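Both counts, for ligands and for their atoms, begin at 1 and track the order of listing. None of these values were measured; they are calculated from a predicted model.
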Amino acid sequence: MSDPALELKSLTKSFPQRELLRGVDLALVAGGSYVLTGDNGCGKTTLMRIVAGLEAANGGTLRFEGAAIDLGHYPEALRHKLVYVHQQPYLFQTSIAHNIAYGLKMRGVPKRRRELLVREAIAWAGVGHLSNVLPHKLSGGEQQRVALARAKVLNPGLLLLDEPTANLDSDARRQTLALIEALRHENVTVMIATHDREIIAMPHVKRLHLEAGRVNAR
Ligand SMILES: Nc1ncnc2c1ncn2[C@@H]1O[C@H](COP(=O)(O)OP(=O)(O)OP(=O)(O)O)[C@@H](O)[C@H]1O
Ligand SMILES: [Mg+2]
């Protein structure tokens with residue numbers, strides 16, 4: 001396989017009352033799928049938010065596709081490449097298509113191309129029948145699938161999924177699991193923070209475990 005897509009060295013994060021990340025080292029192979037496990041409160045969300053540039057670290061280095069990233073001045077262009085998907089995604093109260101198109105529009109993707117990509121993403125996520133429904137009327141599982149489509153359409157290098165199947169009923173969970181499985185065939189590196197045994201047991205997924213502020217391969 002190829003060089004690491006993402007490499008973290010000695011990443012640290014402290015809060016006034018607590019040293020949360022105590023020197024995280026990890027390397028994700030490009031195109032690989034990983035789960036990040038660990039007890040509640042061990043720092044999984046914080047680690048993914050730091051990688052996506054949504055939160056500051058105290059120290060350490062991050063390399064993405066070989067380039068060193070200054071964690072103190074997270075480059076704007078990387079925000080489209082390292083994409084974090086929240087467990088309860090925030091969707092704009094407009095159509096699903098607008099939600100999915102928004103990031104493409106921000107990147108200046110021309111209208112025709114945008115429309116094509118949005119159609120493909122809607123089909124991929126299986127939400128075409130919901131195109132006239134406003135996001136607040138969608139179920140949690142449907143919102144999660146729209147959020148996955150919105151992230152995937154940006155053609156990210158790294159997708160960070162935070163507990164994508166938590167709080168979903170069994171049908172919704174099954175559909176989201178199928179999308180996660182389908183991501184295997186996309187040219188994207190995926191890291192999923194989860195307690196979901198079925199995701200952890202997926203044969204193509206490698207397991208990383210966060211404990212006592214450090215990440216170990218399992
Ligand atoms: N801004 C903050 N100030 C102080 N403490 C914080 C802050 N943000 C997070 N924490 C603490 O850091 C710890 C790690 O939180 P985090 O959400 O990263 O854990 P997690 O592994 O994602 O947990 P879960 O499995 O419950 O989602 C928690 O104890 C949390 O209270
Ligand atoms: Mg979390």
Q. Can L71 be reached from L47 by stepping across I, L, V, M, F, W or Y side chains whose heavy atoms are under 4.5 Å apart?
A. yes
Q.
Under 4.0 Å from atom 31 (O) of ligand 1, can you find at least one protein heavy atom?
A. no
Q | Ion pair E211/R214, N-O distance below 4.0 Å | A | no
Q | Taking atom 25 (O) of ligand 1 as the reference point, the nearest protein heavy atom with its distance | A | K44 NZ, 2.7 Å
Q. Heavy atom of E163 under 4.0 Å from ligand 1?
A. yes
Q) Would T45 count as a contact for the Mg ion (ligand 2), in the sense that one of its N, O or S atoms lies under 2.8 Å from it? A) yes
Q. Which residue from G38, G43, A166, A193 reaches closest to atom 19 (O) of ligand 1 through any of its heavy atoms?
A. G43
(Q) Is there a salt bridge (Lys or Arg N to Asp or Glu O under 4.0 Å) between E198 and R173? Walk through the geometry before answering. (A) CA-CA 10 Å; E198 205 163 330; R173 180 169 158 273; 3.0 Å; yes
Q. Tell me, which protein residue and heavy-atom name are nearest atom 14 (C) of ligand 1, and how many Å apart are they?
A. G41 O, 3.2 Å
Q | P156 to V188 - nearest heavy-atom pair and separation | A | O-CG2, 3.5 Å
Q) Looking only at heavy atoms, which two atoms of H195 and N40 are closest? And how far apart? A) NE2-ND2, 3.5 Å
**Q.** Minimum non-hydrogen distance to atom 28 (C) of ligand 1, winning option of M48, H195, R49, R18
**A.** R18
Q) Of D39, T37, N216, which meets side-chain hydrogen bond (donor to acceptor under 3.5 Å, both in side chains) against H209? A) T37
Q) Can you check whether a protein heavy atom sits less than 4.0 angstrom from atom 9 (C) of ligand 1? A) yes
Q: Starting from atom 26 (O) of ligand 1, find the nearest protein heavy-atom neighbour and note its residue, name and distance.
A: N40 ND2, 3.1 Å
Q) In the protein, which heavy atom is nearest to atom 2 (C) of ligand 1, and how far is it? A) F15 CE2, 3.2 Å
Q) Could E76 and R79 be called an ion pair, given the rule that one side-chain N must be under 4.0 Å from one carboxylate O? A) yes
Q.
As a check for students: among T46, D162, T45, identify the option with a heavy atom nearest to atom 22 (O) of ligand 1.
A. T45
Q.
Is any side-chain heavy atom of L160 closer than 4.5 Å to one of V51?
A. yes
